[in-house]
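Notes follow the structure.
Every heavy atom of this structure was used, including side-chain atoms; hydrogens, water molecules and symmetry mates were not. Only a predicted model underlies this, so the values are computations on that prediction, with no experimental measurement involved.
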Amino acid sequence: MPVVTLSSDSHPLGREIAVRAATALGYDCVDREILKAVAERHDVPETDLHKALDESPSPFGISSKNHARYLAYIEEAALAVLLKDNVVCRGLAAHLYVRGISHVLKIRILADPQKLAGEISSGRTLSFEKASALLKRREGFRRRWSLAAYRVDETDPSVYDMVISLARIDPDEAVKTIVETTGYRKFKPMTYSLKCLKDKALAGRVRVALMDRFPDVTVQADGSSVVVQTKALEREKQKRTEVIKKLAGEFPEVAAVEVQILPDIFRKAAESFR
């Protein structure tokens with residue numbers, strides 16, 4: 001059976017559909033409740049992990065460095081959960097970093113915009129028109145957030161295997177459709193797709209191990225081999241390569257480490273003006 005990632009433009013609605021689909025499938029439903037364990041493991045405030053998923057870096061909020069670090073922690077934890085199979089995952093942005101894995105069914109749930117705007121304006125000073133405008137701004141923010149964090153526009157339908165609008169489809173039918181789709185042959189776990197997910201999970205673990213020393217690091221894994229890319233000045237290359245190989249090599253699954261050092265042109269330019 002495939003694993004399922006579910007995202008929505010409405011947190012309560014997305015949670016409801018995810019829980020109901022998981023129950024119908026006999027799956028576990030994994031949501032932001034895992035952030036408490038992530039916070040404890042990495043000794044960071046749980047509230048900051050939530051902010052990383054909901055906010056962009058800013059001078060008055062989370063710094064760019066911490067924003068990337070917190071998302072890496074969350075990604076590592078979410079991928080470990082997806083490896084266990086029989087899971088519906090929601091609220092952890094997993095749909096943005098499991099693209100290309102064929103046995104992950106990626107679902108987008110869209111609330112009825114009229115109903116959602118009405119709920120927002122109800123009992124508040126906002127008019128229906130202002131509530132509708134607020135929803136448009138929120139959609140634009142999520143698009144910018146996802147592009148900045150993962151270079152993926154989460155409002156783009158092509159990101160998903162299925163987009164279900166609840167404007168004319170009720171939640172019962174949405175859940176039924178999701179359950180039926182998990183039975184499609186094309187979403188069946190295959191040797192290659194399982195390997196791709198394992199590679200992503202290993203790359204995420206190695207990246208987290210390196211980020212405190214090298215915040216800009218990117219990691220790719222292929223079986224027991226990993227490729228690590230970072231930036232450095234010429235005089236730092238040898239030492240940085242040695243440190244990265246040592247840290248990445250501590251993982252028992254890693255047999256070979258390739259380090260690619262790119263020139264840090266901004267630091268080089270800054271030093272030239274000193």
Side-chain angles (χ1 to χ4, degrees), residues 2-9 11 14 18 28-32 34-35 37-38 41-42 44 48-57 62 64-85 87-109 142-163 187 189 192-211 214-223 226-230 251 253:
V3 295
V4 179
T5 65
L6 189 147
S7 71
S8 177
D9 55 355
H11 280 303
D28 291 329
C29 184
V30 178
D31 208 320
R32 294 191 180 185
I34 73 169
L35 296 184
V38 175
R41 178 182 176 187
H42 296 287
V44 298
D48 283 355
L49 297 178
H50 285 272
K51 288 179 181 178
L53 288 166
D54 295 328
E55 302 176 11
S56 294
I62 301 176
S64 295
K65 177 180 176 180
N66 282 339
H67 193 262
R69 187 161 57 95
Y70 295 157
L71 289 180
Y73 295 161
I74 295 167
E75 182 177 338
E76 177 197 25
L79 288 169
V81 168
L82 293 179
L83 279 175
K84 296 177 181 178
D85 207 2
V87 170
V88 175
C89 182
R90 191 211 74 87
L92 301 171
H95 56 287
L96 300 175
Y97 44 83
V98 293
R99 299 182 70 201
I101 299 177
S102 62
H103 74 280
V104 178
L105 174 59
K106 294 168 282 294
I107 305 289
R108 178 74 168 174
I109 300 294
R142 288 304 305 178
R143 178 178 181 273
R144 293 190 297 274
W145 179 92
S146 61
L147 284 169
Y150 292 102
R151 298 181 182 177
V152 180
D153 177 3
E154 77 168 12
T155 67
D156 180 357
S158 68
V159 171
Y160 307 93
D161 299 303
M162 180 185 297
V163 178
F187 295 111
Y192 179 71
S193 67
L194 291 169
K195 175 186 177 299
C196 288
L197 186 56
K198 289 179 181 178
D199 287 346
K200 281 187 178 289
L202 176 58
R205 292 168 58 205
V206 173
R207 182 182 175 216
V208 165
L210 296 172
M211 282 195 79
F214 313 108
D216 68 334
V217 73
T218 61
V219 182
Q220 291 182 318
D222 183 2
V226 297
V227 178
V228 180
Q229 192 175 85
T230 186
F251 288 85
E253 306 96 321

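- To the nearest 0.5 Å, atoms CG (D9) and CD1 (I109) are separated by 9.5 Å.
- Between the CG atom in L6 and the CD1 atom in I107 there is a gap of 6.5 Å [rounded to 0.5 Å].
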Working note: E76 + K200, criterion salt bridge (Lys or Arg N to Asp or Glu O under 4.0 Å); need CA distance, chi angles, decisive distance, verdict. CA-CA 9 Å; E76 177 197 25; K200 281 187 178 289; over 6 Å; no

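- Residues L35 and L92 are in side-chain contact: their nearest non-hydrogen atoms beyond the backbone lie under 4.5 Å apart.
- Taking NE2 from H95 and CG from D161, the interatomic distance works out to 12.5 Å, rounded to the nearest 0.5 Å.
- Separation of the Y73 and H42 ring centroids falls under the 6.0 Å cut-off.
- The shortest non-hydrogen separation linking V226 to A221 is CG1-CB, 3.9 Å.
- The pair D54-R32 meets the salt-bridge criterion, since a charged nitrogen lies less than 4.0 angstrom from a carboxylate oxygen.
- The two atoms that bring S146 and V152 nearest to each other are OG-O, 2.7 Å, heavy atoms only.
- Contact check on K106 versus E154 returns no salt bridge, with no Lys/Arg side-chain nitrogen under 4.0 Å from an Asp/Glu carboxylate oxygen.
- How far CD1 of I74 is from CG of L53: 4.0 Å, rounded to the nearest 0.5 Å.
- Between P189 and L194 the shortest side-chain heavy-atom distance falls below 4.5 Å.
- Relative orientation of the Y97 and Y150 rings is tilted, given thresholds of 30° and 60° on the angle between their planes.
- Side-chain atoms of S193 and H103 form a donor-acceptor pair, as typed in the model, at a separation below 3.5 Å.
- Considering every non-hydrogen atom in both A77 and V38, the closest pair reads CB-CG2, 3.5 Å.
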side-chain hydrogen bond (donor to acceptor under 3.5 Å, both in side chains) for S7 and R108? Distances and angles first, verdict last. CA-CA 5 Å; S7 71; R108 178 74 168 174; 3.1 Å; yes

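- Counted within 6.0 Å of CD on Q229, heavy atoms from surrounding residues, nucleotides or ligands total more than 12; the atom is thus considered enclosed.
- The distance from atom SG of C89 to atom CG of D31, rounded to the nearest 0.5 Å, is 8.0 Å.
- To the nearest 0.5 angstrom, Y160 atom OH is 8.0 Å from T5 atom OG1.
- Judged by distance alone, with hydrogens and angles left aside, the side-chain atoms of D199 form a donor-acceptor pair with the main-chain N or O of G223 at under 3.5 Å.
- Counting all heavy atoms, side chain and backbone alike, F187 lies closest to P2 at O-CB, 3.2 Å.
- In this structure, the side chain of H67 engages the main chain of E55 through a donor-acceptor pair within 3.5 Å.
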Does the side-chain contact (heavy atoms from CB on, under 4.5 Å) test come out yes or no for R207 and R69, once each step is laid out? CA-CA 9 Å; R207 182 182 175 216; R69 187 161 57 95; over 6 Å; no

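- Here the side chains of V217 and M211 are in contact, with some heavy-atom distance below 4.5 Å.
- Of all non-hydrogen atoms in A94 and L82, the two that sit nearest each other are CB-CD1, 4.4 Å.
- The existence of a salt bridge linking K195 and D222 is confirmed by a sub-4.0 Å separation between a basic side-chain nitrogen and an acidic carboxylate oxygen.
- Minimum heavy-atom separation, A201 to L83: CB-CD1, 3.5 Å.
- At a threshold of 4.5 Å between non-hydrogen side-chain atoms, the residues K198 and L202 do not count as touching.
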Between V219 and V227, does a side-chain contact (heavy atoms from CB on, under 4.5 Å) hold up when you go through it step by step? CA-CA 6 Å; V219 182; V227 178; over 6 Å; no

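- We find that R205 and E253 are joined by a salt bridge, their nearest charged nitrogen and carboxylate oxygen being less than 4.0 Å apart.
- At a threshold of 4.5 Å between non-hydrogen side-chain atoms, the residues L49 and V44 count as touching.
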